[in-house]
Amino acid sequence: MISNPSLWQSFFENHCQDDVNRLAGKVSQTGEPASLYVDAGKLTVFQGGALLQELISRPEAVIAHAEEGLARAYNIYNVDLEGCRVRFVNLPQHVRRNIRNIRSGQIGRFVAIEGIIRKATEVKPRIVEAVFECDNCAKKIRVQQETSILQTNVVKPHECPACKSKRVRLLSEESIKIDSQRIKIQEYPENLRGGEQPLTIDVLIEGDIAGRLNPGDRVVINGIVRDEYRKKSYAELVYIYANSFEVLQQEYEDIEITDADRERILELSREHNIHEKIARSIAPAIYGHEDIKLAIALQLFGGIPKKLPDGTELRGDIHILLVGDPGVAKSKIIKYIHRIAPRSVLVTGKGASAAGLTASAVRDELDGRWTAEAGALVLADKGICVVDELDKMRSEDRDAMHDALEDQVVAINKAGLNVTFRTRCSLLAAANPKFSRFDRYLPLAEQIDLPASLISRFDLIFTVLDEPDRERDREVSLQIITNHDSPEEVRPAIEPELLRKYIAYARQNITRVRLSEEAKRIIVDFYVELRSKAKQGPVPVTARQIEALIRLAEASAKLRLSDVVSREDAELAIRLVLKSLEQIALDPETGELDIDYVMGTPKAQRDKIAVILQIVEELENLTPKGAPEDEIIRTAEEKGIDAERARAILRKLKERGSVFCPRMGYYKVVRLG
Ligand code: ADP
Ligand code: MG
């Protein structure tokens, strides 16, 4: 071993003198020991890299040498640097380990791991050197305590070395303590292969680096792999004793764009069908769903968040929900987005962890104390949260979620904790209907177990029905055959790498977007027109849809790399909002848009539709041509539905393809499949 305190002293004096002086200045000002940060890059050349190698294979001993060397090193303030820590950052790539690859075989080695902080305990003192007093002769006995993440009880002396008495007492005030905190790091969800659950590892952070990280932060932890055994079970707990951390930013904002990239991006942005081209680059293996893909494309660009002078914040993030029959590629589409968007977090509604979708106070498994744990929406802050099977989420999550979506913050105020987390993310969710198939004659809210307040937070909701359609079925089956037969042909119009850069470029550069006069007029006209059509009764849209329109129109402008919302941007936004409303807010009885229908219509009205349909079914064998209209109406009247209403419902059912007329005035029920 070449490491020793003198060698480190010469390293500090020859390669880090400025840093040492700065550290000394700080120590002389505060009177407290502090930390010296050493760029490991400097060690790759020092002594041919041999010292760095030793740091990695025997960090415990080498860091002790380094700290002793630092204490001896010259500094211009001539202050004592005893007790100062040496912390290494920027370690070479080969030190990097995946959380899932940290094993007992690496115990005692220096590693660097990268992940998201999922949980951080409070900072509390840990005794490193306990002072005891003998009850019999009053002798003071000092006992070094081992570093422990389990915070096992303080180790007592066996007996008083002077009088052999076994009765000793801990002097807590005189004992030496260190700030201590545990964090839990989770591997990046995006690096997981399909279906894998993210793994976590505990990290013990002590001294001046404790208490500086928060759940949701993406970090590199540099430290020593250690293990400990749990008292009762003897189960091994492998953890990292942190030497240092580096906070990373991994957002669209950080994606590097070269001059060459910029050329290609600008060129693409000038193509007249760029919206369509980007939409086609989303989940190319999935046939159709053009509007959904277009909507998701806009979601990736996002609108512009605003802060009004009175402090009100308006979100720019666009939330989208896909509801529909099983097997229509909902999961496939949203998972594709998860793969291409940075800072995207994928979860299923059941919630992979105790923290669920937002954040919660959970009992710590090691010490039983309450700690705040970040859930998916927090981890996706400044990114996109992709939730499959949203309908299956737990009720606690449901309650917390709509605040998280609208105010973009969640607070935990319980069990003595007082923590707030930001959730500035967009949400892309898929849900399956309760009764396995979506029924277009029932309001959405009755088919998915989601509260109205949450449903109303989505800018766009699309329903996807799996109805037989020769043309479409043919295309879907051909697409699936191609996916299997010649997967290399299934190329996106724009490669994911370039698309990611394109979006990043737009988000970095288009940070303010103005509505053109024309766009303003179109949006106002749309709103006023639609509402005035409904003279009495149903409210087709509410002001909430205007906000959705603006966000979508802004996103459309950003997609073109323009900072002005054009007529076409506004029209596109309107088209998508209308499309969504037609799918969820069209009252089957009146055939009119009614935003309240989403949340359910009075049961009496719905029953009438079901009753008429049932009458047709019962009477359709009355004649070979089907159920005669007069008979249907008469039966309906008997059941309390007046003739005029019964006729209207019958007409609607026919328009919607639920019944058909083999002959004028005769009806049969349409049966699928
Ligand atoms: P869902 O989540 O809606 O239940 P999935 O995403 O699991 O459906 O899709 C079921 C399967 O059917 C997937 O393998 C998907 O690729 C295929 N599939 C469904 N619709 C399409 C489509 N339009 N084009 C190509 N494949 C499709
Ligand atoms: Mg699914």
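Read the numbers this way: they start at 1 and go in the same order the structure lists the ligands and their atoms.
Checked for salt-bridge contact, Arg280 and Glu276 meet the test: a charged N lies under 4.0 Å from a carboxylate O. Salt bridge status for Glu497 with Arg500: present, with a side-chain N to carboxylate O gap under 4.0 Å.
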- Let me see the working for Arg671 and Glu617 under salt bridge (charged side-chain N to carboxylate O under 4.0 Å, His left out), right down to the final yes or no. CA-CA 11 Å; Arg671 292 190 175 78; Glu617 202 167 2; 3.6 Å; yes
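Of the inter-residue distances, the one linking Asp569 atom CG with Leu549 atom CG reads 12.0 Å to the nearest 0.5 angstrom. For the atom pair CG (Asp459) and CD (Glu547), the distance works out to 9.0 Å, reported to the nearest 0.5 Å. To the nearest 0.5 Å, atom CG of residue Leu427 and atom CZ of residue Arg457 are 12.5 Å apart. Rounded to the nearest 0.5 angstrom, Leu478 CG and Asp485 CG are separated by 11.0 Å.
Every atom of ligand 1 with a heavy atom of Pro326 under 4.0 Å away is listed here by number and element: 4 (O). Of all the atoms in ligand 1, the ones that sit under 4.0 Å from a non-hydrogen atom of Val476 are 21 (C), 22 (C), 23 (N).
Per-atom contact check: atom 11 (C) of ligand 1 does not touch the protein, criterion being a heavy-atom distance below 4.0 Å.
Scanning the protein for heavy atoms near atom 6 (O) of ligand 1, the closest one is Lys332 N, 2.9 Å. For atom 27 (C) of ligand 1, the nearest protein heavy atom (residue, atom name, distance) is Ile480 CD1, 3.7 Å. Looking from atom 4 (O) of ligand 1 to the surrounding protein, the closest heavy atom is Gly327 N, 2.7 Å. Here the protein heavy atom with the shortest distance to atom 3 (O) of ligand 1 is Lys330 NZ, 2.8 Å. Closest protein heavy atom to atom 25 (C) of ligand 1: Ala285 O, 3.3 Å.
At under 3.5 Å, a nitrogen or oxygen of Tyr287, whether backbone or side chain, sits near a nitrogen or oxygen of ligand 1. Distances between N or O atoms of Ala329 and those of ligand 1 include at least one value under 3.5 Å. For a threshold of 3.5 Å applied to N or O pairs, the pair formed by Ser331 and ligand 1 contains at least one separation below that value.
Just one of Gln408, Gln299, Lys382 meets the side chain to side chain donor-acceptor pair (under 3.5 Å) condition when paired with Asp317; it is Gln408.
Side-chain contact between Asn214 and Ile117: absent, with no pair of heavy atoms (C-beta onward) separated by less than 4.5 Å. Residues Ile282 and Leu300 are in side-chain contact: their nearest non-hydrogen atoms beyond the backbone lie under 4.5 Å apart.
Contacts with ligand 1 closer than 4.0 Å are made by heavy atoms of both the backbone and the side chain of Ile286. Residue contacts with ligand 1, taken as heavy atom pairs separated by less than 4.0 Å, do not involve Ala430 at all. Looking at Val328 against ligand 1, both its backbone and its side chain come within 4.0 Å, counting heavy atoms.
Residue contact annotation: Ser331 places an N/O/S atom under 2.8 Å from the Mg ion (ligand 2).
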